[in-house]
Amino acid sequence: QVQLVESGGGLVQAGGSLRLSCAASGRTFSDYAMGWFRQAPGKEREFVAAISRRTFNKYYGDSVRGRFVISRDNVKNTLYLHMNSLKPEDTAVYYCATGREATPSMAALSWGQGTQVTVTS
């Protein structure tokens with residue numbers, strides 16, 4: 001089992017940027033595909049982005065493609081999400097997750113506790 005801890009959330013104005021981090025421990029980080037998901041109040045959890053284990057292939061949800069960038073550091077055991085041109089509709093709790101395959105339909109094996117991102121207009 002991998003333990004995941006997200007950080008970097010906060011309050012930002014529309015058009016601004018944030019970088020989320022997800023620190024992993026407990027198992028070999030590079031054995032897992034990694035993903036970011038988000039959940040806004042009253043909505044279902046939504047796929048945001050995923051990255052493969054070692055080839056670093058990346059996949060994005062339609063609503064964030066071109067604005068968000070997922071990356072990982074397999075030495076630091078850390079996953080990142082660089083969020084640019086933020087919009088109020090990006091407001092949500094953001095979760096990182098491990099998976100077997102980096103795809104938009106990635107089935108998560110473990111989840112972090114989430115970090116709140118709030119974008120004001």
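Only a predicted model underlies this, so the values are computations on that prediction, with no experimental measurement involved. What you see below is based on every heavy atom in this structure, not just the backbone, and it leaves out hydrogens, waters and symmetry mates.
Between the side chain of Gln13 and the main chain of Ser121, no donor-acceptor pair closer than 3.5 Å is present. Of the possible donor and acceptor atoms, one in the side chain of Arg72 sits under 3.5 Å from a partner among the backbone N and O of Phe29.
Put simply, the side chain of Val117 reaches to within 4.5 Å of the side chain of Leu18, judged on heavy atoms. Taking 4.5 Å as the limit, some side-chain heavy atom of Thr91 sits within range of a side-chain heavy atom of Gln116. You'll find the side chain of Ser17 stays beyond 4.5 Å of the side chain of His82, heavy atoms only. Counting heavy atoms from C-beta outward, Lys58 and Val69 have side chains that approach closer than 4.5 Å. In this structure, the side chains of Met83 and Leu20 come closer than 4.5 Å at one or more pairs of heavy atoms. Side chains of Phe37 and Met106 form a contact here, defined as non-hydrogen atoms less than 4.5 Å apart. Contact annotation: the side chain of Leu109 approaches that of Tyr32 to within less than 4.5 Å [non-hydrogen atoms, C-beta and beyond].
If you take CD on Glu44 and CZ on Arg38, they are separated by 14.0 Å, rounding to the nearest 0.5 Å. How far CD of Gln3 is from OG of Ser25: 4.5 Å, rounded to the nearest 0.5 Å. With values rounded to the nearest 0.5 angstrom, Glu6 atom CD is found 4.0 Å from Cys96 atom SG. From Arg27, atom CZ reaches atom CG of Asn77 across 13.0 Å, with rounding to the nearest 0.5 Å. Here CG of Asp62 is found 9.0 Å from CD of Glu46. Values are rounded to the nearest 0.5 Å.
Leu79 and Trp111 fall into different hydrophobic clusters, where Ile, Leu, Val, Met, Phe, Trp and Tyr residues are linked whenever their side-chain heavy atoms come under 4.5 Å apart, directly or through other members. In this structure, Tyr60 is a member of the same hydrophobic cluster as Met34, with clusters built from ILVMFWY side-chain heavy atoms closer than 4.5 Å. Note: the hydrophobic cluster containing Ile70 does not contain Phe47 (ILVMFWY, side chain heavy atoms under 4.5 Å, direct or indirect links). No continuous path of ILVMFWY side-chain contacts below 4.5 Å connects Val93 to Val12, so the two sit in separate hydrophobic clusters. Hydrophobic clustering (ILVMFWY, side-chain heavy atoms < 4.5 Å, transitive): Trp36 and Tyr80 are in distinct clusters.
In summary, the side chains of Ser63 and Glu89 do not present any donor paired with an acceptor at a separation below 3.5 Å, with no hydrogens or angles considered. A donor and an acceptor atom, one from each side chain of Thr78 and Asp73, are nowhere located under 3.5 Å apart. Thr98 and Ser110 share a side-chain donor-acceptor pair at under 3.5 Å.
Smallest separation of non-hydrogen atoms from Ala102 and Ser52: CB-N, 3.5 Å. Summarising the geometry of Pro88 relative to Ala14, their closest heavy-atom pair is CD-CB, 4.1 Å, with the distance given to 0.1 Å.
Residues that satisfy the side chain to side chain contact (heavy atoms under 4.5 Å, CB included) test with Gln39, not counting sequence neighbours, are Arg45, Tyr95. The side chain to side chain contact (heavy atoms under 4.5 Å, CB included) test applied to Ser30 returns Thr28, Arg54, Asn74, not counting sequence neighbours.
Under the 4.0 Å criterion applied to side-chain N and carboxylate O atoms, Lys87 and Asp90 are not assigned as salt-bridge partners.
Relative ring orientation between Tyr94 and Phe68 is described as tilted, the plane-to-plane angle lying within the 30° to 60° band.
Heavy atoms from other residues, nucleotides or ligands lying under 6.0 Å from CZ of Arg65 number more than 12. Annotation: Glu101, atom CD; neighbour count of heavy atoms from other residues, nucleotides and ligands within 6.0 Å does not exceed 12.
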